[in-house]
Amino acid sequence: MKIARTPKELKEILKVNTGSVGFVPTMGALHHGHLSLIEESVRKNDITVVSIFVNPTQFLEGEDLDKYPSKFEADEKICSLAGVDVLFYPQVKDMYEDDEIKISAPNIRGCILEGYVRPGHFDGVLTVVMKLLNMVSPTKAYFGKKDAQQLALIMQMVKNFCMDVEIVALETIRESDGLAMSSRNVYLNKNERVEALKISKSLKVATKLVMQKKLTTELIKKEMFQTLEPLDIEYVAIVSRAFIPLNEVEIGNTIILVAAKLGSTRLIDNLWL
Ligand code: AMP
């Protein structure tokens, strides 16, 4: 596995490649969720590039940028064992100039839910993903459904800017008790870790109601709130794949999203129906 520490080094390494390129952008502190994306990319492409970059522009003032978990050595080992060909590990100074053209998230998908609670977050996400996709020029890029709104916005960006890449979305990987894997789970203390299970439980409650043909979103949300309480709930939303709020669950076109805080740790999870 080669390690590229600058966009220039990355370009040098990639210029000899003539086959298909799979790309998995991450912020590091890799877990099985990331690994599922990496493994799928290794299976389906001639070479796989993984990036590890904690992108400052997607963090708001007061968020966890400075304490975001960093485990480069462990991540390097995981990537190498998984068959990654190139690990891209750039520094902020090589990714950004002082005064740049801004990409801003669109109104509908960009300013609700995560975009509402974290204004500007998606502008930063789209900017860095655009940069990374341009640097790597992958055939396919892999993203998790865990970040459903991010995924929808990246798909929209690729479409709007006519970018020549296929976006592949993969399922959320969970701990055995149901908690969605996240690099931020390490922040949880013992009690918060137990309480965090309410998030995946609330999604199971929603699944059960839908299986009983109880499709009214007001009712589903009410029952989800009952499961989630007394957590500090930021939102429970039931939207279409286009992120339009729904009155009734439409099978094949619905995402149920939850965001809640456990102490100072924000967790998100969702269910695709
Ligand atoms: P991050 O390092 O958090 O920026 O995530 C990098 C990629 O991994 C994103 O596409 C995420 O959606 C994806 N990802 C994060 N957690 C999971 C998970 N539990 N299951 C599947 N994919 C995930």
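Values reported hereafter were calculated over all heavy atoms of this structure, with side chains retained and with hydrogens, waters and symmetry mates removed. Position 1 is the first residue of the sequence; numbering continues from there. First listed ligand is number 1; within each ligand, the first listed atom is number 1.
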Open item on the list: When you compare ligand 1 with His34, is there at least one nitrogen or oxygen pair between them that comes in under 3.5 angstrom?
Closed with: yes
Open item on the list: For a salt bridge (charged side-chain N to carboxylate O under 4.0 Å, His left out) check, start with the C-alpha distance between Glu223 and Lys208, then their side-chain angles and the critical distance, and finish with the verdict.
Closed with: CA-CA 11 Å; Glu223 301 239 352; Lys208 207 166 158 193; over 6 Å; no
- [ ] With rounding to the nearest 0.5 Å, note down the distance linking CD1 in Ile154 to CG in Leu133.
- [x] 7.5 Å
- [ ] Give yes if a backbone or side-chain nitrogen or oxygen of Gly144 is under 3.5 Å from a nitrogen or oxygen of ligand 1, and no if not.
- [x] yes
Open item on the list: Quick test: of every protein heavy atom, which one is nearest to atom 4 (O) of ligand 1, and how far off is it to 0.1 Å?
Closed with: Met27 CG, 3.5 Å
- [ ] Using the salt bridge (charged side-chain N to carboxylate O under 4.0 Å, His left out) rule, take Lys15 and Glu12 through it: C-alpha gap first, then chi angles, then the decisive distance, then the call.
- [x] CA-CA 6 Å; Lys15 83 175 179 205; Glu12 274 301 303; 3.2 Å; yes
Task: Test: Arg241 and Glu250 ion pair at under 4.0 Å - done: no
Task: Interfacing atoms of ligand 1 (cut-off 4.0 Å, heavy-atom, Thr172) - done: 19 (N), 20 (N), 21 (C)
- [ ] Find out whether the Lys NZ or Arg CZ of Lys67 is both under 6.0 angstrom from the six-membered ring centre of Tyr187 and within 45° of the ring's axis.
- [x] yes
- [ ] Return the residue, atom name and 0.1 Å-rounded distance of the protein heavy atom closest to atom 20 (N) of ligand 1.
- [x] Ile173 N, 2.8 Å
TODO: Starting from atom 6 (C) of ligand 1, locate the nearest protein heavy atom and write down its residue, its atom name and how far away it is, to 0.1 Å.
DONE: Pro25 O, 3.4 Å
Task: Geometric cation-pi criterion Lys44 and Tyr142, 6.0 Å radius, 45° cone - done: no
TODO: List the closest protein heavy-atom neighbour of atom 21 (C) of ligand 1: residue, atom name, distance to the nearest 0.1 Å.
DONE: Glu171 O, 3.4 Å
Task: Side chains of Gln91 and Asp94, donor plus acceptor under 3.5 Å - done: no
Open item on the list: Counting only nitrogen or oxygen atoms and a 3.5 angstrom limit, does Leu170 reach ligand 1?
Closed with: no
TODO: Would you mind listing which atoms of ligand 1 come within a distance below 4.0 Å of any non-hydrogen atom of Phe143?
DONE: 10 (O)
Task: Distance-only N or O hit between ligand 1 and Asp147, under 3.5 Å - done: yes
- [ ] Report the member of Ser182, Ala29, Gly33 with the shortest heavy-atom distance to atom 23 (C) of ligand 1.
- [x] Gly33
Open item on the list: Using a 4.0 Å cutoff against the non-hydrogen atoms of Thr26, which atoms of ligand 1 qualify?
Closed with: 2 (O), 6 (C)
Task: Per-residue contact class, Leu37 against ligand 1 - non-hydrogen pairs under 4.0 Å - done: side chain
TODO: Using only heavy-atom distances, determine whether the side chains of Ser41 and Thr48 contain a donor-acceptor pair under 3.5 Å.
DONE: yes
Task: Residue of the set Ile238, Leu246, Thr217, Asp269 for which side-chain contact (heavy atoms from CB on, under 4.5 Å) holds with Ile256 - done: Ile238
Open item on the list: For atom 17 (C) of ligand 1, what is the closest protein heavy atom, and at what distance to 0.1 Å?
Closed with: His31 CE1, 3.7 Å
Task: Pair Tyr89 + Phe72: ring centers closer than 6.0 Å - done: yes
Open item on the list: At less than 4.0 angstrom from any non-hydrogen atom of Met181, what atoms of ligand 1 do you find?
Closed with: 16 (N), 17 (C), 18 (C), 19 (N)
